[in-house]
Amino acid sequence: MKRYITMQNYFSAKKLNNANKSVDSSDFSFQGQDDITNNPEPEVNTKISVASVLKKCPGPSDISQNLNNEPTQPNLTFYPKSKYGDRWRHFSKQWFKSFAWLECSILEDAVYCFPCRMFSKHFDNQTTFISLGFKNWKKTTFSNSGLKKHDKSQDHKNCYVMWLPYKNMKTKSIPSVSAQINEGHLKLIRENRKYIKRIASVLLYTGTQCIAQRGDDESVKSLNRGNFLELLHLIDEQCKVVGQDVPQNAKYTSPQIQNEMISIFNQIILEKIIFELQSCNYFALIVDETKDISKTEQLSVVVRYYIQGSWALNLLNN
């Protein structure tokens, strides 16, 4: 039963099959605890691990290798020169100001496009600005070639659009969409656990005080819906005063849920008693049975043992 597994994960204590482990009474107390379970809250990695996705980017080794790097833009006084005809030409660092995506390789004496290298899926070993690099300094700033032509290309625009959100997220600490969704999901988990904790506290209180939980009429219009629902309603009203959300659906207040949670409490207590019995040297049992009004035999087991300097007495009913 899927719901039982979920509820059991909320309330079940750690497995007590290891005699070296100790059991704290806080495992069975719900008041004053921040979480229902001692298990840590699921952690969600909101940072993008780019290095694990992009093992190796195209291009030379002296420029950026993954998205965690910025475009490589060396600020040099003199750049390598190449001869075109009868003139020597070289890269100009002023181009960095006009094209933020530009990065320059000193080893290859060529320029590359950072977002295209990181995001483009359409390239090979001869693709300019990604693998091969652009080094025709004579036509660098021509309107129909060089940097300006690449800046207007559709593939470059697509890659640039994908790069900008990641750049803003990294520089301005803006979480990604997936990180925001994950954070919202974790917030919902925390709120649900607090609400389940309130239900558990009411059940433990009514059970400890031997108070009847259910009423004759538990409908919404009833003036007295029973001790369990009325006490839970009182707690919910106080939570609204302090600004805590109370769920409008999935309230987990049905008799089936109550019985299920009480069964889980019973299993936790039994495991604790079994662990203590395994830890002590001596114990005694008293077993007796009697018939109830329906002539059904009711077996009662009382166990008494000495542990941690005091006597413990527990009644086990079957």
Chemist: Any chance you could pull the hydrophobic cluster mates of Ile130, using side-chain heavy atoms under 4.5 angstrom and chaining through other members?
Modeler: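 Answer for Ile130: Phe123.
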
Chemist: Please tell me whether Leu299 and Leu270 are part of a single hydrophobic cluster in this structure, the criterion being side-chain heavy atoms less than 4.5 Å apart.
Modeler: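 Hydrophobic grouping puts Leu299 with Leu270.
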
Chemist: What's the spacing between Ser64 OG and Met118 CE if we round to 0.5 Å?
Modeler: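 With rounding to 0.5 Å, OG (Ser64) is 3.5 Å from CE (Met118).
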
Chemist: Evaluate whether atom CG of Leu285 has more than 12 neighbouring non-hydrogen atoms of other residues, nucleotides or ligands under 6.0 angstrom away.
Modeler: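 Result for CG/Leu285: enclosed.
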
Chemist: Looking at CZ of Arg89 and NZ of Lys81, how far apart are the two atoms once the value is rounded to the nearest 0.5 Å?
Modeler: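 It is 12.0 Å, given to the nearest 0.5 Å.
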
Chemist: If you compare all heavy atoms of Leu232 against all heavy atoms of Thr253, which two are closest, and at what distance to 0.1 Å?
Modeler: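 Here Leu232 and Thr253 meet closest at CD2-CG2, 3.4 Å.
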
Chemist: Under 4.0 Å between a side-chain nitrogen and a carboxylate oxygen: does that hold for Lys272 and Glu276?
Modeler: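 Counted as a salt bridge, because a side-chain N and a carboxylate O are separated by less than 4.0 Å.
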
Chemist: Decide whether Leu231 and Ile199 are clustered together by the hydrophobic rule: side chain heavy atoms of Ile, Leu, Val, Met, Phe, Trp, Tyr closer than 4.5 Å, transitively.
Modeler: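 Result: yes, single cluster for both.
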
Chemist: Trp163 and Phe114: aromatic ring centres closer than 6.0 Å?
Modeler: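 Centroid distance Trp163-Phe114: below 6.0 Å, so yes.
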
Chemist: Is the distance between the ring centroids of Trp101 and His150 under 6.0 Å?
Modeler: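 Between Trp101 and His150, which both carry aromatic rings, the centre distance is below 6.0 Å.
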
Chemist: Taking the inter-plane angle between the rings of Phe96 and Phe91 on a 0 to 90° scale, is it parallel (under 30°), tilted (30 to 60°) or perpendicular (over 60°)?
Modeler: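 Phe96 vs Phe91 ring planes: tilted.
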
Chemist: Quick one: CD1 on Ile262 to CZ on Phe265, what's the gap to the nearest 0.5 Å?
Modeler: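 It is 7.5 Å, given to the nearest 0.5 Å.
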
Chemist: Nearest 0.5 Å, please: how far is CG in Asn224 from CD in Glu218?
Modeler: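 Glu218 atom CD to Asn224 atom CG measures 9.5 Å (nearest 0.5 Å).
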
Chemist: In Å and rounded to the nearest 0.5 Å, what is the NZ to SG distance from Lys121 to Cys116?
Modeler: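 If we round to the nearest 0.5 Å, Lys121:NZ and Cys116:SG are 14.0 Å apart.
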
Chemist: Can you find a heavy atom in the side chain of Cys113 that is under 4.5 Å from one in the side chain of His156?
Modeler: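 Cys113 vs His156: side chains touch.
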
Chemist: What is the distance from atom NZ of Lys152 to atom CG of Leu147, rounded to the nearest 0.5 Å?
Modeler: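 One finds 12.0 Å between NZ of Lys152 and CG of Leu147.
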
Chemist: For the ring pair (Phe, Tyr, Trp, His ring centres under 6.0 Å) test, which of Phe134, Tyr112, Phe99, Tyr160 pairs with Phe129?
Modeler: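 So, applying the ring pair (Phe, Tyr, Trp, His ring centres under 6.0 Å) to Phe129 and each of Phe134, Tyr112, Phe99, Tyr160, only Phe134 qualifies.
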
Chemist: Please check if Tyr195 and Leu188 belong to a single hydrophobic cluster, counting links between Ile, Leu, Val, Met, Phe, Trp and Tyr side chain heavy atoms closer than 4.5 Å.
Modeler: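 In one cluster with Tyr195: Leu188, no.
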
